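Let me begin by presenting the structure, written as structure tokens, before commenting on it.
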Number of protein chains: 2
Amino acid sequence: MSQTNHRTVPRKPGRPKEGEDLRYVILDEAELAFAEHGFAGTRVRDIAMLAGVNQALIRYYFGSKQELFDEVLRRRGSDISGARHVQLDRLLALPDPPSVSQIIRAYLQPQWDMKQSGPNGAAFVRLQARLHAEPEAHALRLRSEVYDASVKRYIQVLSDALPEIPRETISMRMAFLVGTYLFMLNDLGRLNDLTDGQIGDIAQDEMLGQLVRFLAAGLAAPVS
Amino acid sequence: MSQTNHRTVPRKPGRPKEGEDLRYVILDEAELAFAEHGFAGTRVRDIAMLAGVNQALIRYYFGSKQELFDEVLRRRGSDISGARHVQLDRLLALPDPPSVSQIIRAYLQPQWDMKQSGPNGAAFVRLQARLHAEPEAHALRLRSEVYDASVKRYIQVLSDALPEIPRETISMRMAFLVGTYLFMLNDLGRLNDLTDGQIGDIAQDEMLGQLVRFLAAGLAAPVS
DNA sequence: GTTGTAATTATACAAAATTATAATTTATTC
DNA sequence: GAATAAATTATAATTTTGTATAATTACAAC
């Protein structure tokens with residue numbers, strides 16, 4: 001019931017028809033599956049079935065389940081990281097120094113856009129939240145590899161915008177921020193259940209604004 | 001290397017020696033294992049081995065892996081929920097109406113205490129973070145079952161303390177709050193890596209204060 | 001057109017893991 | 001002290017699952 005069989009008629013072996021990129025079909029389906037069931041909870045078999053592809057093809061392209069997972073993460077992770085840098089560059093190019101809200105929004109916008117971009121983008125966001133809950137060494141390495149650089153740059157810029165707040169405090173609050181938005185992006189659809197349907201009518205776009213306001217206030221809060 | 005064999009000499013069958021509560025030993029080890037590897041990533045075998053117990057005994061006590069998992073969650077979940085109610089009652093019994101910071105602290109304190117209480121408490125906190133990242137229907141139900149009631153009560157009290165902020169906004173911000181603290185409690189140990197070791201010297205206790213300040217500012221932020 | 005190579009499937013293997021059953025020991029009760 | 005029931009182990013059966021190999025097809029190049 002859960003797994004939709006996307007392709008019933010089997011493909012014939014041989015050279016692929018121009019444009020049919022099975023490698024990407026696999027990555028897309030893996031993204032959806034990993035987001036829903038996690039790494040250990042996802043079966044390579046299922047990904048293959050969803051992609052309408054033989055199991056062995058996954059091995060052919062990616063080597064192992066773990067490598068497939070890593071590839072799923074890297075593919076979009078580097079996009080996000082890049083977009084964050086671009087957003088920050090754009091902000092710093094303006095004549096006035098950026099406000100805290102602007103910096104935060106610059107950081108969140110890429111994730112937000114990805115989430116809005118369709119089912120796969122949304123799945124990837126959920127996958128990140130999962131990854132952040134995994135204490136395994138491998139997950140940690142992967143997270144660092146993909147995200148650390150941009151976080152550090154944002155901490156620097158925030159420090160400049162909030163000179164009265166010690167840098168360690170900013171670092172910590174930045175960590176809080178990451179937790180908040182990841183959770184929020186992940187849980188947004190289910191937020192209604194948690195709160196008795198009280199926020200069902202708030203538009204998606206307004207929600208980002210609300211989040212930014214919340215985080216900006218927290219980040220700029222006076223120290224003791 | 002990862003799995004420590006807690007008991008090498010096998011137990012003999014029969015009635016247990018007074019005081020040796022294998023049921024709890026199993027729950028404790030399951031808690032640690034699930035927190036580290038997640039539900040799907042944990043093998044019943046390993047739990048049995050860590051608890052120094054035969055696999056079949058787990059089945060005997062809990063029926064299935066899933067039921068064991070649920071039991072691990074319920075055991076402490078109800079403690080947390082209860083403690084939150086107690087904290088709130090205590091606060092409301094004071095002559096003055098509670099401040100936002102006080103309310104937040106009341107909400108966080110039980111989790112914080114649990115985390116400090118030892119390896120198993122800390123593991124449980126991590127486990128909750130994991131659960132919040134799982135979109136599966138079963139995980140959702142479990143979360144609702146264990147936590148929803150207390151959250152709703154806190155939303156009410158916060159609404160009273162912040163009459164100028166609409167209730168839907170409070171609800172949403174409460175959801176942000178949950179995300180922030182879960183992530184923080186989960187990631188605290190690794191926070192240093194993320195921020196280049198800049199917050200290594202902050203005492204654990206001070207960290208809770210910092211978190212409360214951050215969240216209180218966010219919750220009380222003026223609306224648009 | 002034959003040959004070679006890349007992409008894909010069909011099928012098989014082997015390890016791992018959950019579930020199941022039967023046997024064994026100990027305490028308790030009458 | 002015999003009987004009964006509970007707790008525990010040993011062992012087995014079955015299902016799942018990741019991995020591996022061999023066979024097949026199609027395209028391209030010479």
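All of these numbers come straight from a predicted model, not from anything done at the bench. A, B, ... follow the sequence lines: proteins, then strands. Residue 1 opens every chain.
- Residues that satisfy the side-chain contact (heavy atoms from CB on, under 4.5 Å) test with A/D113, not counting sequence neighbours, are A/Q109.
- Under the 6.0 Å cut-off for aromatic ring centres, B/F69 and B/F34 qualify, their centroids lying closer than that.
- Rounding to whole angstrom units, CD of residue A/E67 and C1' of D/dG18 are separated by 13 Å.
- As a whole-Å value, the separation of A/N54 CG from D/dT25 C1' is 14 Å.
- Applying the side-chain contact (heavy atoms from CB on, under 4.5 Å) criterion to A/A129, with sequence neighbours excluded, gives A/N186.
- Checked against side-chain contact (heavy atoms from CB on, under 4.5 Å), A/L211 has the following partners two or more places apart in sequence or in another chain: A/L108, A/T180, A/Y181, A/M184, A/L215, B/F176.
- Atom pair A/M49:CE and D/dT16:C1' shows a separation of 14 Å (rounding to whole Å applied).
- Rounded to whole angstrom, the span from the OH atom of A/Y60 across to the P atom of C/dT11 amounts to 21 Å.
- For A/S78, there are no side chain to side chain donor-acceptor pair (under 3.5 Å) partners two or more places apart in sequence or in a different chain.
- If you take CZ of B/R23 and C1' of D/dA6, they are 15 Å apart, rounded to a whole angstrom.
- At whole-Å resolution of the value, CG in A/D21 and P in C/dA6 are 17 Å apart.
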For nucleotides 16-19 of chain C, which of its nitrogen or oxygen atoms have a protein nitrogen or oxygen under 3.5 Å away, and what is each distance?
unit_1: C/dA17; atom_1: OP1; unit_2: B/R43; atom_2: NE; d: 3.2
unit_1: C/dA17; atom_1: OP1; unit_2: B/R43; atom_2: NH1; d: 2.3
unit_1: C/dA17; atom_1: N7; unit_2: B/R45; atom_2: NH1; d: 3.3
unit_1: C/dT18; atom_1: OP1; unit_2: B/K65; atom_2: NZ; d: 3.3
unit_1: C/dT18; atom_1: OP2; unit_2: B/V44; atom_2: N; d: 3.1

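- The CG atom of B/L57 sits 16 Å away from the C1' atom of C/dA22 (whole-angstrom rounding).
- Residues forming a side-chain contact (heavy atoms from CB on, under 4.5 Å) with B/R153 (at least two apart in sequence, or on another chain): B/H85, B/L88, B/D89, B/L92.
- At whole-Å resolution of the value, OH in A/Y61 and C1' in D/dT19 are 19 Å apart.
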